[in-house]
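Structure, as structure tokens:
What's counted below: heavy atoms across the whole structure, side chains too, no hydrogens, waters or symmetry copies.
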Protein chains: 2
Amino acid sequence: MKINKDMPAEEHSGPLMADVARLAGVAISTVSRALANPGRVNEKTRAKIDAAAKQLGYTPNAMARGLRVGKSNVVMIILPGSLYYGVSQVIPLVLQGINRSLSQNGYHLMIANLDRDEVSERHILDLAFGGTVRGAIILSSDLPVDGGRSLKDSALPIVSLLFDMSHVALPSVVTNDRQAVRDATAELVALGHRRFLYLAGPQGNYHDNERYLGAVEALAAAGLPETAIVRSGGSLDYQHGFQIGVAAATEFANLPLRPTAVIATSDDMAISFMSCVQRMGWKIPADLSIVSFDGAPVCEYSLPPLSTIEQPVEEMGQMAVNLLMERIDAPEKGAAIRHVIASKLIRRESFGPAPLEPDDFRSVRPKI
Amino acid sequence: MKINKDMPAEEHSGPLMADVARLAGVAISTVSRALANPGRVNEKTRAKIDAAAKQLGYTPNAMARGLRVGKSNVVMIILPGSLYYGVSQVIPLVLQGINRSLSQNGYHLMIANLDRDEVSERHILDLAFGGTVRGAIILSSDLPVDGGRSLKDSALPIVSLLFDMSHVALPSVVTNDRQAVRDATAELVALGHRRFLYLAGPQGNYHDNERYLGAVEALAAAGLPETAIVRSGGSLDYQHGFQIGVAAATEFANLPLRPTAVIATSDDMAISFMSCVQRMGWKIPADLSIVSFDGAPVCEYSLPPLSTIEQPVEEMGQMAVNLLMERIDAPEKGAAIRHVIASKLIRRESFGPAPLEPDDFRSVRPKI
DNA sequence: GGCCGTTTAGCAAACGTTTGCCAAAAATCG
DNA sequence: CGATTTTTGGCAAACGTTTGCTAAACGGCC
């Protein structure tokens, strides 16, 4: 007779492996082996066990297995906090791509939001150090820290997506931002543009630096002075990119020497910028060419359709997962590799030749 | 002497509760009580334990705890599959809202994609029956099923978000779609509109029915015939809503009796529709009024700004989480309640009086 | 029938917690 | 100061798997 000294799981619903074993007339260990290690067990018994399992609707308890083998089958994605500055348009695609790849590898996806508060950082570290997750994909340039613990110190395999974190030893999947902007800017120069406006994202953002540098390099290569480009935005105070575009529009309107081409760090800000300046009376692309970043589907349907430098996020997500899987299988293998995926400029109508400059272009302002 | 017969966790990184206990000079059980049950332990010992834990960087193993107590602290969100038909714009907001609420309750968020394939359904059921998740929030109208097992049969607390699933005993958080469309349509009627186009989402979608009925009811109330509204779209073949809008635009152009007002099931399709018809030469809102659904931030920056019926998704997510928490705490309490949250029409420029009808309106077609 | 090679049964020890129960200590009271 | 009540600490058994080991069962072969 069994003495029930403690009473933990009063509501433990499902069938156990022991039930399957009983029904199939085999030992528990055989069931375990049949379900996990193929080949370790006779095909006939295996079929019997499978049938029994199906009949009972048996599902192995993931926590028990995880505890025993010391591994989980969950990967977390750490999203930048409060949030999604420019990339809100593209987040669902990222998630979908990553989730699909993980599924194929038998993993599940957990979301962690890196808000700027202590609680969220603690939660992330609890997941990392508490054995809940097996690996992480991070979409932010700073790693969470909380009282002594730091993600960096964890043994957790991590790969960085969109941001280049190879300098802190994280394998990173990025696009060739700088190159892409350089090319796009060069094209704009070839189209006659001589004055540029750059819409920046959050201060110090990795992409910002890269992209801005790309533009600057292209100007230098064309023999244009550095003053040919004006940088706008760069505040962290905005909830999302749209607001940056709105602010930039008024800034644009007040510039004494108005640029004829705009390069935006994200589609969000380009869309709102474009909307505002058009309502102020400028024509796109007649007065102003615009090109932005991310390749959000909605760009195709703005007025005019927005040229954007597409980040192939699905492909990138897949690659990030692959890298993570490698890291999981062989933790020490390979130092931080930077994988660069080519982004490509999708040319749409927002992109055209520079307007002819009237002699008094300084005072030119369209009538509404 | 300890015999090491099996060798499971070769790489077990972190400190254990036993280490904390040793460092603090107390028993393991005391540590456990100190960390979990406040008040069950002397304040002084507690401080000692906290210090020791922090010094070691100790994080409790979630799987061990979960196994012992028979509960996890993970909730999954089941997203409609291949996917995000119309709501892609709004998914990040939903996720963020839900994640924030869950965090406050000490839960983590796991993503499950309900693609239409067997693998994804199996994964979801593994999560549900394998004890990995403690509850689920579902954004789809059909529940996953896989060989014998069905989500419906699981003891898992589930709440439905956006879709009314109260008829299958799931607490549901929805907006008053029908009412909102009825009101919006009535307003359009009052503005002189007499012919409507309705852009539908995937066939049989709950929202579609509701919203379409709302429009029909408004027409009936105004004494207009049912033929006053034309229904377009409704195919499942499109990857996302944008394509529905494009297809609807050509359909619109070919209608002999052109509608003067358009009601779209999602912002996505409204945006692409609007873009297309404007490029064909129609003026919005002069020739055509448009109103859509979801309240995506981007609507504010379309040209013209798009009127949209906002679904307060953050609030809805929060409510869904609250309902789920109730269900978790008291599984049998309360049958399937339907919580209706008011959506509100955000009136923007895409919404205006009906154009004056020339006598030969049948042949009217703007010149480009 | 004896021998050998596969399979499977059975056992038991983990994995790292939580928790009921009892003993010990501390606090309170007469 | 001893007795009684309250609080706190420690022991050990679970939670549901996996896995190494040994021994037994089974089948085929000479």
Pairwise 5' ranking along DNA chain C for B/Thr30 and B/Met63, keeping only the more 5' one: B/Met63
Kindly say whether B/Leu16 contributes a backbone atom to a donor-acceptor pair with the side chain of B/Asp19 at under 3.5 angstrom? yes
Whole-Å distance separating the CG atom of B/Leu35 from the P atom of D/dG9: 13 Å
Among C/dG10, D/dT17, C/dT17, the one nearest A/Asn61 by side-chain distance: D/dT17
Determine the contact category for A/Gly25: base if any of its heavy atoms lies under 4.0 Å from a base atom, sugar-phosphate if only primed atoms, P, OP1 or OP2 are that close, otherwise nothing. sugar-phosphate
Over how many whole Å does the gap from A/Asn42 atom CG to C/dG5 atom P extend? 19 Å
Could you walk me through whether B/Arg149 and B/Asp126 pass the salt bridge (Lys or Arg N to Asp or Glu O under 4.0 Å) check? CA-CA 10 Å; B/Arg149 301 178 303 173; B/Asp126 285 348; 3.0 Å; yes
Looking only at C/dT18, D/dG16, C/dG10, the nucleotide nearest the B/Ser32 side chain is C/dT18
Report the distance from atom CD of A/Glu43 to atom C1' of D/dG27, rounded to the nearest whole Å. 18 Å
The residue, A/Ser29 or B/Leu67, whose nearest nucleotide of DNA chain D is more 5′ is B/Leu67
Examine C/dT17: is either OP1 or OP2 under 4.0 Å from a nitrogen or oxygen in the side chain of B/Tyr58? Give yes or no. yes
Indicate, yes or no, whether a donor-acceptor pair under 3.5 Å links the base of C/dT18 to the side chain of B/Arg68. yes
Return the value, rounded to whole Å, for the distance between atom CG of B/Asp126 and atom C1' of D/dG16. 16 Å
Starting from P on C/dC15, measure out to NZ on A/Lys71 and report it in whole angstrom. 14 Å
Between atom CD1 in B/Ile28 and atom P in C/dC15, what is the gap in whole Å? 12 Å
For B/Val26 and for B/Ala64, find the nucleotide of DNA chain D with the closest heavy atom, then tell me which residue's nucleotide is more 5'. B/Val26
Give the rounded distance in Å between these two atoms: CD1 of A/Ile49 and P of C/dT8. 8 Å
Which pair of non-hydrogen atoms, one from A/Val174 and one from A/Phe163, has the smallest distance, and what is that distance? CG1-C, 3.5 Å
For A/Ser160, does its backbone N or O pair with a side-chain atom of A/Ser172 as donor and acceptor, under 3.5 Å? no
Of all the nucleotides listed (C/dG10, D/dG16, C/dT18), which has the minimum atom distance to the side chain of A/Ala27? C/dG10
Could you tell me which non-hydrogen atom of B/Asn99 sits nearest to which non-hydrogen atom of A/Ala112, and how far apart they are? ND2-C, 4.2 Å
Once you round it to whole Å, what is the distance between C1' of C/dG20 and CZ of B/Arg33? 9 Å
